[in-house]
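Letters A, B, ... mirror the listed sequences (proteins, then strands); counts begin at 1. Predicted model only: the values in this text are computed from it and were never measured. Worth knowing before you read on, the calculation uses all heavy atoms, side chains too, and leaves out hydrogens, waters and symmetry mates.
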2 protein chains.
Amino acid sequence: MTEEPVQKDSEIRRSNSSMGCGHKDDKASLASSQIAPYSHQPSTPASKEVWKKGGRMFSILLAVHLALLACTLVSSGAFEKIAVHDYDVFFLLTVMMLIVIIWIIFYLVSTARCPDAILCKDSHAGPIWLRGGLILFAIFSLVMDVFKIGYYSSFYSCLSAIKIIYPIVQAIFVVVQTYFLWISAKDCVHVHLNVTRCGLMLTLTTNLAVWMSAVTDESVHKAHSKLKKNVTDDLLRWLLKVGMRSSSAEVCNCNSQICQIFKNGYFWLYPFNIEYSLFASAMVYVMWKNVGRFIDHHSHHIHHLKFKLFRRTFFVGIVLGLIILVSGLGVLIVYEVQVNSSTESSKKSQALTMYYIFNIVCLGLMSLVCIGGSVIYRFDKRDMDRHKNPTRTLDVALLMGAALGQYAISYYSIVAIVASTPRDAISALNLTYALLMIAQHTFQNIFIIEGLHRQPPKEDHKHGSRQKDLCGLTFVNVSAVSLRVPDGGSTLAPSTAPGTEASLPSDLVRSLTAPKKMNWRRKCLREISMFLLLSNIILWIMPAFGARPHFDNDTELNFYGDSMWPAIVDICLPFGIFYRMHAVASLLEVYIMS
Amino acid sequence: MTEEPVQKDSEIRRSNSSMGCGHKDDKASLASSQIAPYSHQPSTPASKEVWKKGGRMFSILLAVHLALLACTLVSSGAFEKIAVHDYDVFFLLTVMMLIVIIWIIFYLVSTARCPDAILCKDSHAGPIWLRGGLILFAIFSLVMDVFKIGYYSSFYSCLSAIKIIYPIVQAIFVVVQTYFLWISAKDCVHVHLNVTRCGLMLTLTTNLAVWMSAVTDESVHKAHSKLKKNVTDDLLRWLLKVGMRSSSAEVCNCNSQICQIFKNGYFWLYPFNIEYSLFASAMVYVMWKNVGRFIDHHSHHIHHLKFKLFRRTFFVGIVLGLIILVSGLGVLIVYEVQVNSSTESSKKSQALTMYYIFNIVCLGLMSLVCIGGSVIYRFDKRDMDRHKNPTRTLDVALLMGAALGQYAISYYSIVAIVASTPRDAISALNLTYALLMIAQHTFQNIFIIEGLHRQPPKEDHKHGSRQKDLCGLTFVNVSAVSLRVPDGGSTLAPSTAPGTEASLPSDLVRSLTAPKKMNWRRKCLREISMFLLLSNIILWIMPAFGARPHFDNDTELNFYGDSMWPAIVDICLPFGIFYRMHAVASLLEVYIMS
């Protein structure tokens, strides 16, 4: 964590207690907030400047405590032996969602309608493809909630009411929150600072708690279905017939056709709900960072980049990506069928071999392409973009953080394979797979981070207009020209450093004469990012929809034991899956910017 | 994570490949690096400015991968069932330490001797009490290494050599690293940027790996000794007599008096080694953040604060703190004796009751005092200090992060106590203890963070000299005066905002007439921080030297089971213990600044 620059993002204390809108003393307070950092006298009551970190502290504390409470309950509820039940978790989540719904309505009705509530908007926050993705996932989440309601109402008589109330409240929550994020994701709020911060942190924590609950639920379900398969089917059927003939079991079992469809349906839709929660969390976090922020419109040049899918490319990236995507879907289906249906170990190892080979080819190609892209960036003459941009900072942090999950799984795999004695072909494939997984994550992160920090291209129409501008300024003082160039720092002060006049003219002349010969580089970058995007989608689909070679190949399971290895995978894999979806969003941005 | 301000901390690319010192083109490159953010032309090869984040990326990746590898090996080595042995871990750690030693020697001999290697020093980094603490812990670590060498050489014939080599290398590592940090903690390095970054990250990772290994070793040792006690002693003695009569067991057992002393000695000294690793990690991290940093000496006013223990105070804080400290030591000794020696459950519950009551009193007092301190800060007229200060940012992050460990333990405790049915006096005490633990961590964090962000007092001699300065400037333009005041922002530009002239004079006049009546507040803050400091020391000593009410009171153990609860405590408690020692260091800083 680094300290924030204070001049750009100062904030003003407004009367917050009365729940009314803050008074408008705009110009004066803005001015005083800009002066405050320069003056070091003991601050007086008249000074309205407050300490931003302090203002954030309370909301962070609220979020930390709520998140820990939710984490405790969710993790305890996952174990059958522990006397915490899933309805305890559902109760907590329902209460949290209801509070968030109330706050969002308060925000939309009261806070956002205040005069001067939103003095500026952050153009980087909530780009259209993120909001579009959010709506897509929201729709699937709603379908999942309908399935859940249908499933639980099949035997509502023997369940606590909270199990049906929970999906209903969740559906309302999804609708309200999606609407809220659609219209307010870019807001920099300037009234009700503390209430807004706490509300946003509450929303963030609720989304994370829903995510934790969904991930745990899915893992428990997977573990159960694995366990069920291991017990001989005949025994199970016999047990069901003999043991469950009591009246309550008859009513409370999911035997009807429609109930089974509901159940399978909602487990298939879980991955979308999981992604919805994470997308919403990311957007809410950026909103929270933007509370009380003033954006300097001079330094903040807004790019209206359009998403043009079929602009001049060679189509190599898209075609190759689509081939990978389709063949990956085929591999996934064959793998699932062979591993789940057959009990022969030879068929299982065939399926595993196929899975590993496909992944090795795919990861190898992606690593090579990422290295190529990074090399192209080395020769790219575009400047680095250094503006404060909470969205991008969050993107980078999430990419680096989420990759840790897959790294950890791979390292544990490698240690287990190297230390285990029977070294067959499958072990070799598994080792290669783990090593390539590490390499691919590393190279892809480097490529994406470099791509996100580039200035967007200006050649199209801006280049022309700028050329004209500069031609009209040939005889003007050069330091004035430097002021016309969009400002990179945070202040509007003219640069006082010596040497300005000496170095600027040559740069300007060079930018005027810059040839368009590097267009092929841009095209290459576009191909690369499109290929990576499609490959990441298939690498998201595979684990998200149930491929678990970690358990089907029992090297690691035998090495670490039945409790440690599932714990490692169940904790780390959700981050690995999230990484893929997040990489897709980031690669789309890289594609558009290159 | 937030983006860093770019103007202040720009860096210069220097020729790094030849391992020679960077060329000195100081003024020109410094100037161009200050211009670069203002110019948005595509950068040319002539521009020497590089992207700081990119320079850091490689070293971060190196650290992440090494840390994960170490984490995998250490956690696998902790389990007897897993075929990873402790000598695998020792081998990795020894190699890492040897590389770090080589790099440190290279740094001291080559990098630090380059002309312009260290253009400026960060006055906030490595304050004297941190370095003093480091040396204290280093000495204890060396004693521990001697004990370890003695213990292992008692039966060297049946051990792999690495078990004796490891403590020898560790002793050398501790000596070299302590010397390195003593003389270079404040350096802002400007040559061999990439090598230095990687070396520092390697040092950081090595320290963290040693910390992980020590913590795991200690937990395993504790679990073993608990287990041994549960087996009836007679049975154990019989087993030892009958079963271990083979020749190898005779030689490889630690039966001699001196060997037992060595063994117990080194386990008692582990807490110091653990703290040493963490202190060194924190200092190395700050050095890493300072690589390539330019410190604006105008904005960076250096405070030469002296540590005066017995400056005018009422002695209430120290006396009360010492009472708590001494009685805490008594409670710890009685608790350890009663819990470890007696097998009666009534004596055990007596000891637990005593432990809980002492902690509740102590935590309650500390919480009240922290609230009082925060209220005093509300009325404190000193300005907030907003300078970039990596040391402080790290302090705050560590305080908030390390508190999570204790929070997690407390939340799990609370859930277990509330959900368990037999509610006796001990459960009530345990619940109060857990709740107060959460409250105390929260209030103490608020107090310390507020304290660290205050401007140090200027009343002593600076106030006088400034008064004189201002008197001589009565008729000078006020905006010129604002330039004389130590600069709060990052640039030297005169503030161009409107309203400057309107608001400044009154502030200046007020600061001139500020009375010294608030001296009692300072005194109160000093009392408070001294009391908290001593209380935190006893709360560090108790868990660090073996008090584990988490396992002696079996409510949570029965609720979560034998695998989950030890996992929670063993992972979270080291952070809780680290929190206490780190709070002591931060409170010392708060004491000195108030």
Visitor: Out of A:Tyr412, A:Phe58, A:Tyr407, which one racks up the most heavy-atom pairs below 4.5 Å with chain B?
Guide: A:Tyr412

Visitor: Heavy-atom cut-off 4.5 Å, strictly under: side chain, backbone, both or neither for A:Leu61 against chain B?
Guide: side chain

Visitor: What pair of heavy atoms forms the shortest contact from A:Ala419 to B:Ala83, and how long is it?
Guide: CB-O, 4.4 Å

Visitor: With rounding to the nearest 0.5 angstrom, report the CH2 to CD1 distance, B:Trp565 to A:Ile82.
Guide: 11.0 Å

Visitor: Which atoms of A:Ile414 come close to chain B, meaning under 4.5 Å heavy atom to heavy atom: side chain ones, backbone ones, both, or neither?
Guide: neither

Visitor: If I measure from the heavy atoms of chain A, does B:Ser420 come under 4.5 Å with its side chain, its backbone, both, or neither?
Guide: neither

Visitor: In terms of heavy-atom proximity below 4.5 Å to chain B, should A:Ser563 be classed as side chain, backbone, both, or neither?
Guide: neither

Visitor: State, with a plain yes or no, whether a side-chain heavy atom of B:Val84 is found less than 4.5 Å away from one of A:Phe559.
Guide: yes

Visitor: Does the side chain of B:Tyr411 come within less than 4.5 Å of A:Cys71's, by heavy atoms?
Guide: no

Visitor: Got a second to check how far B:Ile438's CD1 is from A:Leu69's CG, nearest 0.5 Å?
Guide: 9.0 Å

Visitor: Let me know if A:Ile568 has heavy atoms under 4.5 Å from chain B in its side chain, its backbone, both or neither.
Guide: neither

Visitor: Do A:Met400 and B:Val64 have side chains that get closer than 4.5 Å, going by heavy atoms?
Guide: no

Visitor: Heavy-atom distance under 4.5 Å to chain B: side chain of A:Phe79, backbone, both or neither?
Guide: side chain

